[in-house]
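Naming convention: chains lettered A, B, ... in sequence-line order (proteins, then strands); numbering from 1 in each chain. Values in this document were obtained by computation on a predicted structure and should not be read as measured data. What you see below is based on every heavy atom in this structure, not just the backbone, and it leaves out hydrogens, waters and symmetry mates.
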Number of protein chains: 2
Amino acid sequence: MAKKPAPVPLLQLDNQLCFAVYSTGHAFNRVYKPLLDRLKLTYPQYLAMLVLWEQDNVPVKDIGERLFLDSGTLTPLLKRLEAAGLIKRTRSIEDERQMLIALTAQGQALREKAKAVPQGILAASACTVGEMAAMKNELVALRDRLNAALGD
Amino acid sequence: MAKKPAPVPLLQLDNQLCFAVYSTGHAFNRVYKPLLDRLKLTYPQYLAMLVLWEQDNVPVKDIGERLFLDSGTLTPLLKRLEAAGLIKRTRSIEDERQMLIALTAQGQALREKAKAVPQGILAASACTVGEMAAMKNELVALRDRLNAALGD
DNA sequence: CTCATTATAATTGCGCACAATTAGATTGTG
DNA sequence: CACAATCTAATTGTGCGCAATTATAATGAG
């Protein structure tokens, strides 16, 4: 017989928004790779640095909330950034449970080199700042709905 | 002094399309997790099964092209699917370099249970099929532009 | 036919991601 | 105060994701 199963549109890979998000994320990573190699950072490390360049000397928890990552991911990542001399990890005096993450002078200085990165991404994306912003807003709204659905 | 550095809008996390894609991907994963646990599949394994449900008995290379993944990722993943009894890996007779991946009866049967997954995702996304399709098309177009930029 | 070139998977090593657990600090309640 | 409940990180184990290398097979030029 070898009867072919009836196609189920929702099960088809190319119909899935989720796979579009997944594969676009990988494509972004590949574009970022050569740009971040110059900074000797991986993409998740770059994200952590973005957080710290906005607000320095913050607990791991805050970085985690900002990036939607937990200590299982962040602890080893931050240890690598510390080994690279970009940050300093110190335990908070007021609350000894907290590990405070602060930029070193070298970590602050790296921000200057990082300014070149977004330009490269924008060029590879081949869309206007306005288009990117619109898409970003749609995705953030979707992300928030997905995260809200988890709390049920 | 402790002079605060001037904000650079393009370096701000919440302005970045890329982070929106990255974090939305993680949010999707968290929503998929409980649905896929019932099938005993991880999300990348589910993607491989989607490919095989569309076309059975294909070489690893084809699955890789479809999912944008290489053998370093797929070989161990497929070995786990084989260990779970869902697929069979056999070397091609015509071209002995190729490893052909075919569904077992159990792998084919799993498709029925998988039909429930997209409904759950649609519900958690809280948007219409039309909105999802529009967003998917924008992302795929972006992905293709990013991938094209790599070939330069 | 021979030998370099190319193609397909597998392997190795490193860095995420995340669930589950553990350790230690803090808070809240009686 | 005592002590349970909560909070913050760290740790452990599994599974991607990818670069680099290796092994084997197929192809193509001379």
Side-chain angles (χ1 to χ4, degrees), chain A residues 19 21-34 36-37 39-49 58-65 67-84 87 89-101 147 150, chain B residues 19 22-34 36-37 39-49 58-84 87 89-101 147 150:
Chain A
F19 176 65
V21 172
Y22 171 88
S23 54
T24 303
H26 290 171
F28 261 124
N29 244 305
R30 285 191 285 273
V31 172
Y32 266 104
K33 183 89 177 36
L36 292 180
D37 278 351
L39 311 186
K40 296 189 200 292
L41 291 176
T42 64
Y43 181 65
Q45 288 169 5
Y46 172 69
L47 291 180
M49 293 301 288
V58 291
V60 173
K61 183 183 197 299
D62 289 19
I63 300 177
E65 283 176 355
L67 301 181
F68 305 96
L69 296 173
D70 67 5
S71 71
T73 300
L74 287 175
T75 297
L77 183 155
L78 293 170
K79 283 182 176 176
R80 280 186 280 272
L81 289 180
E82 185 175 42
I87 65 167
R89 297 173 346 114
T90 54
R91 222 158 255 292
S92 165
I93 313 282
E94 307 96 61
D95 185 341
E96 296 229 346
R97 290 172 302 185
Q98 293 186 347
M99 183 67 87
L100 294 178
I101 310 299
N147 282 333
L150 286 174
Chain B
F19 176 64
Y22 170 88
S23 53
T24 303
H26 289 170
F28 262 125
N29 245 305
R30 286 191 286 272
V31 172
Y32 266 104
K33 184 90 177 37
L36 292 180
D37 278 351
L39 311 186
K40 296 188 199 294
L41 291 176
T42 64
Y43 181 66
Q45 289 169 4
Y46 171 69
L47 291 180
M49 294 301 288
V58 292
V60 173
K61 183 184 196 300
D62 289 19
I63 300 177
E65 283 176 356
R66 206 69 203 289
L67 300 181
F68 304 96
L69 296 174
D70 68 4
S71 71
T73 300
L74 287 174
T75 295
L77 183 155
L78 293 170
K79 282 182 177 177
R80 280 186 280 272
L81 289 181
E82 186 175 41
I87 65 167
R89 303 163 67 243
T90 55
R91 224 158 252 295
S92 164
I93 313 280
E94 305 96 61
D95 187 340
E96 296 230 344
R97 289 171 303 184
Q98 293 186 347
M99 183 67 86
L100 294 179
I101 310 299
N147 282 333
L150 287 172

Quiz item: At what distance, to the nearest 0.5 angstrom, does CG of A/Leu77 lie from CG of A/Leu69?
Solution: 8.0 Å

Strictly below 4.0 Å: does [X] bring a side-chain N or O up to OP1 or OP2 of [N]?
{"X": "A/Thr42", "N": "C/dC16", "answer": "yes"}
{"X": "A/Arg97", "N": "C/dT27", "answer": "no"}
{"X": "B/Thr73", "N": "D/dG17", "answer": "no"}
{"X": "B/Arg91", "N": "C/dT8", "answer": "no"}
{"X": "A/Gln98", "N": "D/dA9", "answer": "no"}
{"X": "B/Gln45", "N": "D/dC16", "answer": "yes"}
{"X": "A/Lys40", "N": "C/dG15", "answer": "no"}
{"X": "B/Lys79", "N": "D/dC16", "answer": "no"}
{"X": "B/Tyr22", "N": "C/dA17", "answer": "yes"}

Self-check item: Nearest-nucleotide comparison on DNA chain C, the residue closer to the 5′ end among A/Asn29 and A/Ile93
Solution: A/Asn29

Any heavy-atom pair between the side chains of [Y] and [X] that's under 4.5 Å?
{"X": "B/Leu36", "Y": "B/Thr42", "result": "no"}
{"X": "B/Gln45", "Y": "B/Lys40", "result": "no"}
{"X": "A/Arg30", "Y": "B/Asn147", "result": "yes"}

Checking all strands, does [X] fall into the base, sugar-phosphate, or nothing category for heavy-atom contacts under 4.0 angstrom?
{"X": "B/Leu74", "value": "nothing"}
{"X": "A/Asp95", "value": "sugar-phosphate"}
{"X": "B/Leu69", "value": "sugar-phosphate"}

Quiz prompt | Option among A/Tyr43, A/Tyr46, A/Phe28 that satisfies the side chain to side chain contact (heavy atoms under 4.5 Å, CB included) test with B/Phe19 | solution =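 So the option named by the test is A/Tyr43.
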
Nearest-Å distance, [atom1] ([X]) to [atom2] ([N])?
{"X": "B/Glu94", "N": "C/dT8", "atom1": "CD", "atom2": "P", "answer": "14 Å"}
{"X": "B/Asn147", "N": "D/dC18", "atom1": "CG", "atom2": "P", "answer": "11 Å"}
{"X": "A/Tyr32", "N": "D/dC18", "atom1": "OH", "atom2": "C1'", "answer": "18 Å"}

Quiz prompt | Electrostatic pair B/Arg66-B/Asp62, nearest N-O below 4.0 angstrom | solution = no

Out of [options], which has the shortest distance to the side chain of [X]?
{"X": "B/Glu96", "options": "C/dC18, D/dA9, D/dA26", "answer": "D/dA26"}
{"X": "A/His26", "options": "D/dC18, C/dA9, C/dA17", "answer": "D/dC18"}
{"X": "B/Arg30", "options": "C/dC18, D/dA19, C/dA9", "answer": "C/dC18"}
{"X": "B/Pro59", "options": "C/dA9, D/dA10, C/dC18", "answer": "C/dA9"}
{"X": "B/Val60", "options": "D/dG15, C/dA9, C/dC16", "answer": "C/dA9"}

Self-check item: Base of D/dA10 paired with side chain of A/Ser71 (donor-acceptor, under 3.5 Å)
Solution: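 Yes, a donor-acceptor pair under 3.5 Å.
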
